Amino acid sequence: MIPASFEYVRATSLSEVIGLLQKDPDNTKLVAGGHTLIPTLKLRLASPALLIDIGGIGELKGIEIGDRIRIGALTKHAELLASKELHDMLPIFHQAADIIADPQVRNRGTIGGSLANADPAADWPAVIIALKAELEIAGPSGSRRIGATDFFVDIFTTALEIDEVLVAIHIPRPDAGTQFRYRKIRHPASGYAVVGVAVGASMKDGVVSNVTIGITGAAGHAFAADAATDYLIGKSLGRETIERAARLASEQAPCLSDHYASAEYRQHLIRTEVARALASLVGAT
Ligand SMILES: Cc1cc2nc3c(=O)[nH]c(=O)nc-3n(C[C@H](O)[C@H](O)[C@H](O)COP(=O)(O)OP(=O)(O)OC[C@H]3O[C@@H](n4cnc5c(N)ncnc54)[C@H](O)[C@@H]3O)c2cc1C
């Protein structure tokens, strides 16, 4: 379990990283928290010639809360868990970070590393989809932004090009009174999501005025449960409405099957977790 040899550079700026990446992007890897990449190197599933450590780059750090919310890609799960300001505005960060892995992983793993890695069972993809976030990406031709739903393309595949860096996550400020829920069925060994459901919703005069649902763990990549959310707008959250929305969410994407959970079981878990999250918005759990 010893990696193939590689050159190591600890970069000090984003422009340095982009310059280094351009030289030989196919044989270069970025390392943030290293909690996925280092085991991958040790198993020789990847053998880059150059490893660029981005951990010291200030432009990729920090949580800023203003008209919009900006979370640097290097922000660790533990920082997202600890931020009181973020908790007051978007409690879903606390809800999700609290059930990611264990303290050791939370103290090293970064939100940017998790999103760039696009493990279909990672928690943050569902959360940023439910928050209608945009991802800021930097590359040789400058900076661009992409919506969260378009960022996730397939299992371990995103819209990032090999010479690009994920810089930050931008989130619109939620309307006053928006409620958030994150629920997951954890894999008992790793803590990863067998199914994870993130919901953001506002109610006006007893009916749903705005709602987003992000789902992870179930399919090849996280997705927005659009059919369910379109159906929910303008409805009160009674039992039948909740059940119909949960069913629509479970039917939106083909589910994965593996030795731990069949596709049918994952589909069932989407139904139960979406239903529980929606019911809890009206105190019906
Ligand atoms: C035992 C264990 C349990 C875990 N449980 C969970 C869990 O319950 N839920 C969960 O969501 N996650 C879980 N994880 C994953 C963990 O939380 C990290 O998010 C994950 O390892 C990736 O983050 P990292 O910072 O360590 O990235 P790294 O390992 O450093 O990098 C991962 C990949 O992303 C690329 N990358 C990193 N940063 C950037 C960037 N800014 N721009 C472009 N590319 C980049 C790297 O090149 C690499 O390919 C677990 C991990 C372990 C080891």
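Residue numbers count from 1 along this sequence. Please read these numbers as outputs of a predicted model, since none were measured by experiment. Just follow the structure's listing: the first ligand is 1, and inside any ligand the first atom is 1.
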Has ligand 1 got any nitrogen or oxygen that is less than 3.5 angstrom from a nitrogen or oxygen of Ala116?
-> no
If you measure every N/O of Leu30 against every N/O of ligand 1, is any gap under 3.5 Å?
yes
Legend entry - Greater than 12 external heavy atoms within 6.0 Å of Arg70's CZ: yes
Note: ligand 1 atoms sitting under 4.0 Å from heavy atoms of Ala122 are 11 (O)
If we number the atoms of ligand 1 from 1 as shown, the ones under 4.0 Å from a heavy atom of Thr36 are 20 (C), 21 (O), 22 (C), 26 (O), 29 (O)
*Are any of the N/O atoms in Gly33 less than 3.5 Å from those in ligand 1?*
yes
Between the side chains of Gln104 and Arg106, does any donor sit under 3.5 Å from an acceptor?
no
Counting heavy atoms under 4.0 Å, the part of Ser190 that contacts ligand 1 is backbone
- Message: Show, in sequence, the C-alpha distance, side-chain angles and deciding distance for Tyr8 and Asp53, and conclude whether the side chain to side chain contact (heavy atoms under 4.5 Å, CB included) test is met.
- Response: CA-CA 7 Å; Tyr8 171 88; Asp53 186 342; 2.4 Å; yes
Query raised in the report: Should Ala32 be counted as touching ligand 1, given the test is an N or O pair under 3.5 Å?
Result: yes
*May I ask whether Glu161 has any heavy atom positioned less than 4.0 angstrom from an atom of ligand 1?*
no
Any heavy atom of Thr110 under 4.0 Å from ligand 1? The part involved is both
query = Any salt bridge between Glu243 and Arg271, counting N to O under 4.0 Å?
reply = no
A student checking ligand 1 against Ala101 at a 4.0 Å heavy-atom cut-off should list atoms 3 (C), 4 (C), 5 (N), 6 (C), 7 (C), 8 (O)
Tyr192-ligand 1 polar pair, N/O distance under 3.5 Å: yes
With heavy atoms and a 4.0 Å threshold, my read on which part of His77 contacts ligand 1 is side chain
Quiz item: Below 4.0 angstrom, N of the basic side chain to O of the carboxylate: do Asp163 and Lys23 qualify?
Solution: no
Inset, instruction - Please indicate whether any nitrogen or oxygen in Leu166 is less than 3.5 Å from any nitrogen or oxygen in ligand 1. - result: yes
Heavy atoms of His77 and Val105 approach each other most closely as CD2-O, 3.9 Å
Note: Ile54, heavy atoms under 4.0 Å from ligand 1, region reported as side chain
So that I can tick it off, tell me whether Asp123 and Lys184 are bridged by a salt bridge, with the cut-off set at under 4.0 angstrom between side-chain N and carboxylate O.
yes
In Leu248, Ile242, Val199, Ile215, the residue satisfying side chain to side chain contact (heavy atoms under 4.5 Å, CB included) with Val274 is Ile215
